[in-house]
Amino acid sequence: MKTKVDSLSHEEIKAILRAADEIIASGGRTLLAKILKGSKEKKVLELELDKCPTYGYFKAEKINDIMKKIDWMIDCDFLEIQYSGKLPMIVYTERGWHIESDQYADELLNEWREWVRKGKQNPDMSYLKDRNRGMILLLLQKIKESGEQAFIPYLELWEKVDYKKVREEIRKTIDVLNGNEHVNFSTVRERTESIEEALKGVEPSDLLLKCWGCGDRFIFSLGEQQFYKNKGYSHPKRCKKCRDDDNDEFYL
């Protein structure tokens, strides 16, 4: 079913993606909406979801309107529903994670800048271990691009606790900050353009699919797509006539 939300701003998209990061593959649409609403419900507080940077981002809006925004994010290929047993869980699409990993890396980078400003020494860097590898490499790339030598002590502490491949990248990052290696700044422009393109999303539309049974083309409507997503089904492989002939409603 097409939602009444026409579009969301880039900042709203990023805010929803950031809130989703707290419950990826462990919570659904309703819980995500409660984070964005700034709910004081016991479960939200017990899970410390009130510490999310975008907690309460839509606090002035009704929970149903926030749910419509989340459904728009699903329709436009930023988030999707994945089932854990019978429970529908929010997960990122490739597009959604591309955007979120970039802003999360920026969040970590700014946290380091705050540490430098406050003169924080010897932080426990194990909090970065076992994070998504792609996001960690992106963080290191951003550190290289920053040219901030004040980060070197944190990098050296991090180097002591992580795995070999990450340690190698950390060492390269230290070498760049020390001026021993050069960084390719053209990647900054390319990355920015890539994020801007991803933020456009995908305009929802009917799909034309080919039936595996009779070979004819059939329309997979927006409403059907939303229904299938909410149920955790993949696209139908056969047209309605072929499914009806076999008394098979969904033939996945």
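It should be emphasised that the depicted structure is a prediction, and the values quoted were computed from it without experimental measurement. Below, all heavy atoms of this structure are taken into account, side chains as well, without hydrogens, waters or symmetry copies.
Using a cut-off of 4.0 Å between Lys/Arg side-chain N and Asp/Glu carboxylate O, E61 and K37 are scored as not salt-bridged. Salt-bridge formation is not detected for the pair E22/K51: no Lys NZ or Arg NE/NH1/NH2 atom is positioned less than 4.0 Å from an Asp or Glu carboxylate oxygen. The pair K142-D102 meets the salt-bridge criterion, with a side-chain N (NZ, NE, NH1 or NH2) lying under 4.0 Å from an Asp/Glu carboxylate O. Using a 4.0 Å cut-off between charged nitrogen and carboxylate oxygen, D77 and R95 count as a salt-bridge pair.
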With a cut-off of 3.5 Å and sequence neighbours excluded, list every side-chain donor-acceptor pair involving residues 143-152.
{"unit_1": "E145", "atom_1": "OE1", "unit_2": "R191", "atom_2": "NH2", "d": "2.7"}
{"unit_1": "E145", "atom_1": "OE2", "unit_2": "Q141", "atom_2": "NE2", "d": "2.9"}
{"unit_1": "E145", "atom_1": "OE2", "unit_2": "T187", "atom_2": "OG1", "d": "3.2"}
{"unit_1": "E145", "atom_1": "OE2", "unit_2": "R191", "atom_2": "NH1", "d": "3.3"}
{"unit_1": "S146", "atom_1": "OG", "unit_2": "I143", "atom_2": "O", "d": "2.6"}
{"unit_1": "S146", "atom_1": "OG", "unit_2": "E148", "atom_2": "N", "d": "3.2"}
{"unit_1": "E148", "atom_1": "OE2", "unit_2": "R113", "atom_2": "NE", "d": "2.7"}
{"unit_1": "E148", "atom_1": "OE2", "unit_2": "R113", "atom_2": "NH2", "d": "2.7"}
{"unit_1": "Q149", "atom_1": "NE2", "unit_2": "L177", "atom_2": "O", "d": "2.8"}

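Side-chain contact of N132 with Y104: a donor-acceptor pair under 3.5 Å is absent, judged by distance alone.
In this structure, Q121 places its CD atom where only 12 or fewer heavy-atom neighbours from other residues, nucleotides or ligands lie under 6.0 Å away. The neighbour count for K43 NZ, taken as heavy atoms of other residues, nucleotides or ligands under 6.0 Å away, does not exceed 12.
E181 pairs by the salt bridge (Lys or Arg N to Asp or Glu O under 4.0 Å) definition with nothing, not counting sequence neighbours. Not counting sequence neighbours, K160 has no partner by the salt bridge (Lys or Arg N to Asp or Glu O under 4.0 Å) test. Taking E190 as the reference, nothing meets the side chain to side chain donor-acceptor pair (under 3.5 Å) condition, with sequence neighbours excluded. Qualifying salt bridge (Lys or Arg N to Asp or Glu O under 4.0 Å) partners for K118, counting only residues two or more places apart in sequence or in other chains: E114. Residues that satisfy the side-chain contact (heavy atoms from CB on, under 4.5 Å) test with I136, not counting sequence neighbours, are L128, R131, L140, W158, V166.
The CD atom of Q103 lies 7.5 Å from the CD atom of E107; values are rounded to the nearest 0.5 Å. Taken to the nearest 0.5 Å, the CD atom of E12 stands 8.0 Å off from the OG atom of S7. To the nearest 0.5 angstrom, D216 atom CG is 7.5 Å from C242 atom SG. Atom NZ in K14 sits 5.5 Å away from atom CG in L199 (nearest 0.5 Å). With rounding to the nearest 0.5 Å, the separation of NZ in K241 from CZ in R243 is 12.5 Å. Here CG of L32 is found 9.0 Å from CD1 of I66. Values are rounded to the nearest 0.5 Å.
Stacking of K210 on the aromatic ring of F218 is not recorded, the 6.0 Å distance cut-off and the 45° axial limit not both being met.
Counting only heavy atoms from C-beta outward, the side chains of E111 and L108 approach each other to under 4.5 Å. Residues I74 and R29 form a side-chain contact, since some pair of their non-hydrogen atoms from C-beta on lies under 4.5 Å apart. I70 places none of its side-chain heavy atoms less than 4.5 Å from the side chain of F78. Side-chain contact between H98 and S194: present, with at least one pair of heavy atoms (C-beta onward) separated by less than 4.5 Å. Looking at D21 and W97, their side chains come closer than 4.5 Å, going by heavy atoms from C-beta outward. A heavy-atom distance below 4.5 Å is not found between the side chains of R217 and C211. Considering only heavy atoms from C-beta on, F58 comes within 4.5 Å of K69 through its side chain. Side chains of V202 and D75 form no contact here, defined as non-hydrogen atoms less than 4.5 Å apart.
Transitive grouping of hydrophobic side chains (ILVMFWY, heavy atoms separated by less than 4.5 Å) brings Y83 and M73 into a common cluster. Using a 4.5 Å cut-off between side-chain heavy atoms of Ile, Leu, Val, Met, Phe, Trp and Tyr, with links allowed through other members, V44 and I63 fall into different hydrophobic clusters.
The six-membered or imidazole ring of Y228 lies near that of F220, with a centre-to-centre distance under 6.0 Å.
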